[in-house]
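Working notes, beginning with the structure itself.
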Amino acid sequence: MATFEFMLPYYGDVALMQAAVRSILNQSDPDLRLIVVDDGKEPEVPGWFAGLGDDRVRYLRNEQNLGITKNFQKCVELSTADHVVIMGCDDLLHPHYLATVRAILKDNPDLGMVQPGVEVIDGAGTVTSGLADNVKDKLYSPSVKGRRLMGGEELAASVLRGNWLYFPSICWRGEVLRQVNFRDEYSVIQDLALVVDLLERGETMMVDNTTVVFQYRRHAVSESSVQAFSGTRFAEAEKYFNAVAERMDARGWPKAARAARFRSASRLHALTMLPGALRRGKSGGAKVLVRHALTSGQRHDA
């Protein structure tokens, strides 16, 4: 049995999904397993997988659409390997992704998470660097030359201040991932919630910037962008940050609690989305965006 699994929760563009699958199967280290959980109805997809003729691939189609969070949860439940990647169905791996991550894990077998080197591509596959990723890089991501081991309050405060991680690229220790899984109540911020949950359990992350091994595709309009214009994303974010701030206080992590209450990246993001919401006539969403951008959380005992 392979000790490394790529889980692919799929819904959307067929050609981009096929490119993602090929990038997985073309790894220089072939000791892997791919499990695809199809949440769509495109008629040609099952036949395409059957025609691959690769016994490392398992393809499943949901009887009914589960939605993002439930499909992610199903992927986690189906995983069995020591280490797991929950890859975006439109992202791409460099051929040496697995070899690079496996080498890190060999030297650090107790890691809960590995964040490898990432570059951003657009819908056409061209390497790009837009506003969101420049902000991540310049304002929120830690200064890492080579590799850096992070965990505890340091990493919790960092990602709560501004989530600079690229979730689909992260390698997770399978055992703890299956114990925790994604929270039911979130559909956009579920990746950040999972990371913080694991940090609270004492898991650590290796951040590796030695080489780029993953291509994260950022589209002009995504599900999270649509929810952002309507204000849904930020209503969910506010609920999460308020709740996690209380947990950080209870844990004795004051820096992480302050970062959650101030939520600077989330508030800045809301401000940048405001003109688009107004142009689209989303007056209700605009009100949510303004409120989120201009207010921060308060301690219940303040």
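Below, each value reflects all heavy atoms present in this structure, side chains not excepted, and no hydrogens, waters or symmetry copies. Remember, it's a predicted structure, so these values are computed and weren't measured experimentally. Along the sequence shown, residues carry numbers from 1.
- In this structure, the separation between OG on S158 and CG on L165 is 7.5 Å, given to the nearest 0.5 Å.
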Evaluate the side-chain contact (heavy atoms from CB on, under 4.5 Å) criterion for residues I86 and F182: first the C-alpha distance (whole Å), next the side-chain angles of each, then the deciding distance (0.1 Å), finally the verdict. CA-CA 12 Å; I86 307 171; F182 295 92; 3.7 Å; yes
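- Between R178 and S79, the side chains place a donor N or O and an acceptor N or O closer than 3.5 Å (distance only, hydrogens not considered).
- Comment: R147 engages D208 in a salt bridge, judged by a side-chain N to carboxylate O separation of less than 4.0 angstrom.
- Cluster membership check: I35 does not share its hydrophobic cluster with L25, using side-chain heavy-atom separations under 4.5 Å among Ile, Leu, Val, Met, Phe, Trp and Tyr.
- Here the closest heavy-atom approach between residue R217 and residue G123 is recorded as NH1-O, 3.1 Å.
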Residues K106, R102; criterion side-chain contact (heavy atoms from CB on, under 4.5 Å); working and verdict: CA-CA 6 Å; K106 182 180 179 181; R102 201 189 294 277; 5.9 Å; no
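- For Q64, the CD atom is loosely surrounded, since the number of other residues' heavy atoms within 6.0 Å does not exceed 12.
- The minimum heavy-atom distance between M206 and L111, with the atom names listed, is CB-CD1, 3.6 Å.
- Rounded to the nearest 0.5 angstrom, Q215 CD and D122 CG are separated by 10.5 Å.
- At least one side-chain heavy atom of Q73 sits less than 4.5 Å from a side-chain heavy atom of T69.
- Taken to the nearest 0.5 Å, the CG atom of L93 stands 9.5 Å off from the OG atom of S169.
- When hydrophobic clusters are built by joining Ile, Leu, Val, Met, Phe, Trp and Tyr residues whose side-chain heavy atoms come closer than 4.5 Å, directly or via intermediates, V57 is not grouped with L78.
- Under the 4.5 Å side-chain heavy-atom criterion for Ile, Leu, Val, Met, Phe, Trp and Tyr, V207 and V114 are members of distinct hydrophobic clusters.
- Side-chain atoms of P142 and W164, non-hydrogen and from C-beta on, do get closer than 4.5 Å to each other.
- With contacts defined as side-chain heavy-atom distances shorter than 4.5 Å, the pair Y59/P46 qualifies.
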Verdict with reasoning, W48 to V14, per side-chain contact (heavy atoms from CB on, under 4.5 Å): CA-CA 10 Å; W48 185 81; V14 174; over 6 Å; no
Atom pairs and distances, donor-acceptor, side-chain atoms in residues 149-156, under 3.5 Å, two or more places apart:
from	atom 1	to	atom 2	distance (Å)
E153	OE2	K255	N	2.6
E153	OE2	A256	N	3.3
E154	OE2	R148	NH2	2.3

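- In this structure, R261 pairs ionically with E246, as a charged nitrogen and a carboxylate oxygen lie closer than 4.0 Å.
- Across every non-hydrogen atom of V84 and A81, the tightest pair is CG2-O, 4.1 Å.
- Going from atom CD1 of I189 over to atom CG of L194 covers 12.5 Å, rounded to the nearest 0.5 Å.
- The two atoms that bring L34 and I24 nearest to each other are CD1-CD1, 3.8 Å, heavy atoms only.
- Using a 4.0 Å cut-off between charged side-chain N and carboxylate O, D39 and K74 make no salt bridge.
- Between H94 and H96, the two ring planes are perpendicular [angle over 60°; tilted spans 30° to 60°].
- V36 places none of its side-chain heavy atoms less than 4.5 Å from the side chain of M17.
- The shortest non-hydrogen separation linking Q115 to Y166 is OE1-N, 2.9 Å.
- W172 has its side chain within reach of V195: a pair of non-hydrogen atoms, C-beta onward, lies under 4.5 Å apart.
- Side-chain contact between D197 and N181 is absent, with no heavy atoms from C-beta onward closer than 4.5 Å.
- Between Y240 and Y186, the ring centre distance stays below 6.0 Å.
- For the pair L198/M205, no side-chain contact is recorded, criterion being any heavy-atom separation below 4.5 Å from C-beta on.
- Between M87 atom CE and F214 atom CZ the span is 5.0 Å, to the nearest 0.5 Å.
- Between Y10 and N71, the shortest heavy-atom contact is N-ND2, 3.9 Å.
- Side-chain atoms of K70 and N62 form no donor-acceptor pair, as typed in the model, at a separation below 3.5 Å.
- A 4.5 Å side-chain heavy-atom check between F241 and L160 finds at least one atom pair inside the cut-off.
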Determine whether C171 and F4 satisfy the following criterion, side-chain contact (heavy atoms from CB on, under 4.5 Å), listing intermediate values before the conclusion. CA-CA 9 Å; C171 172; F4 205 103; 3.8 Å; yes
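- With hydrophobic clusters built from ILVMFWY side chains whose heavy atoms lie under 4.5 angstrom apart, L192 shares a cluster with L139.
- Salt-bridge annotation for R201 and E203: absent, with no side-chain N of the basic residue lying under 4.0 Å from a carboxylate O of the acidic one.
- For CZ of F72, the number of neighbouring non-hydrogen atoms (other residues, nucleotides, ligands) closer than 6.0 Å is greater than 12.
- Hydrophobic cluster membership is shared by F167 and V196, with clusters built from Ile, Leu, Val, Met, Phe, Trp and Tyr side chains linked at under 4.5 angstrom.
- Rounded to the nearest 0.5 Å, atoms CG (D90) and CD (Q18) are 13.5 Å apart.
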